[in-house]
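Because the structure is predicted, anything quoted here is derived from the model rather than measured. Hydrogens, waters and symmetry mates play no part in the numbers below; they use all other heavy atoms, side chains included.
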Amino acid sequence: IINGHGGTGKDTLCGFAGKNYRTVNVSSAEPIKEIARRYGGWQGEKDEKSRKFLADWKQLFAAYNDLPLRYLVEEYKKFSESGAEILFVHIREGEEIDKFKRQVELPCVTLLVRRNSVRQQWGNASDDNVENYDYDYCYDNDKELSEAEEDFRHFLAGIMKGAYEV
């Protein structure tokens, strides 16, 4: 499970991992984004107003019918049958992280990606409470892009080696 404030480079790091491992990258917000695009007029913006809009909808759907979790469990099942090696699951909220961890059978670790230069507060609980969780690993993504790929490759290899021990 990968998490971090917006702009910390989570997707870039997942892309780096994809060069060395067979990976799948999913987000608990994806079904919410689809609903927001289709019925809410959201066009992919990542500004404060849009982030709050998505976070509020996600919270409502999680409370009403666990849509984000149900989506992730389906994606997890596809991953388990795919032959891929790593499933990156993007989840912002600590309680949603814990719910997902209880649903999976394979080793599951949590990773917080940090970057000093990114905005920490967005005005919604999902983004603002990202660091209020006890993660298994933290990665400080403050290197230049030219150095980050190799650094993250080594970091991820260490996680992969220890994944069955967590």
Quick check against the 3.5 Å criterion: does [X] have a side-chain atom that pairs as donor or acceptor with the backbone of [Y]?
X: Lys101; Y: Cys108; answer: no
X: Asn116; Y: Asp142; answer: no
X: Arg22; Y: Ser82; answer: no

Open item on the list: Taking side-chain hydrogen bond (donor to acceptor under 3.5 Å, both in side chains) as the criterion, tell me which of Asn141, Thr8, Asp140 meets it with Arg114.
Closed with: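 Exactly one option meets the side-chain hydrogen bond (donor to acceptor under 3.5 Å, both in side chains) with Arg114, and it is Asp140.
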Task: Side chains of Asn3 and Tyr135, donor plus acceptor under 3.5 Å - done: yes
Task: Partners meeting side chain to side chain contact (heavy atoms under 4.5 Å, CB included) with Ser27 (sequence neighbours left out) - done: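 Side chain to side chain contact (heavy atoms under 4.5 Å, CB included) check on Ser27 returns Ala29, His90.
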Sequence neighbours left out, what passes salt bridge (Lys or Arg N to Asp or Glu O under 4.0 Å) with [X]? Give chain and number order.
X: Lys19; value: Glu149
X: Asp127; value: Arg51, Arg92
X: Lys78; value: Glu75
X: Asp66; value: Lys99

- [ ] For atom CG of Asp134, decide whether the heavy atoms of other residues, nucleotides or ligands shown that lie under 6.0 angstrom number more than 12.
- [x] no
Open item on the list: Within a 6.0 Å radius of atom NZ on Lys143, are there more than 12 heavy atoms belonging to other residues, nucleotides or ligands?
Closed with: no
Task: SB check Glu93 Lys58 (cutoff 4.0 Å) - done: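 Lys58 and Glu93: salt-bridged.
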Open item on the list: Quick test of your reading of the model: are Arg102 and Asp98 salt-bridged, counting only N-O distances below 4.0 Å?
Closed with: no
TODO: Work out which heavy atom in Ala17 is nearest to a heavy atom in Leu156; give both atom names and the distance.
DONE: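 Closest approach of Ala17 to Leu156, heavy atoms only: CB-CD2, 3.4 Å.
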Open item on the list: Ring-plane angle category for Tyr139 and Phe155, please: parallel below 30°, perpendicular beyond 60°, tilted otherwise.
Closed with: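 Ring orientation of Tyr139 relative to Phe155: tilted.
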- [ ] Take Glu30 and Tyr71 through the side-chain contact (heavy atoms from CB on, under 4.5 Å) test and state the conclusion after the steps.
- [x] CA-CA 8 Å; Glu30 194 52 44; Tyr71 170 77; 3.7 Å; yes
Open item on the list: Apply the hydrophobic cluster definition, ILVMFWY joined by side-chain contacts under 4.5 Å directly or through others, and give me every member besides Leu67.
Closed with: Ile32, Ile35, Tyr39, Trp42, Phe53, Leu54, Trp57, Phe61
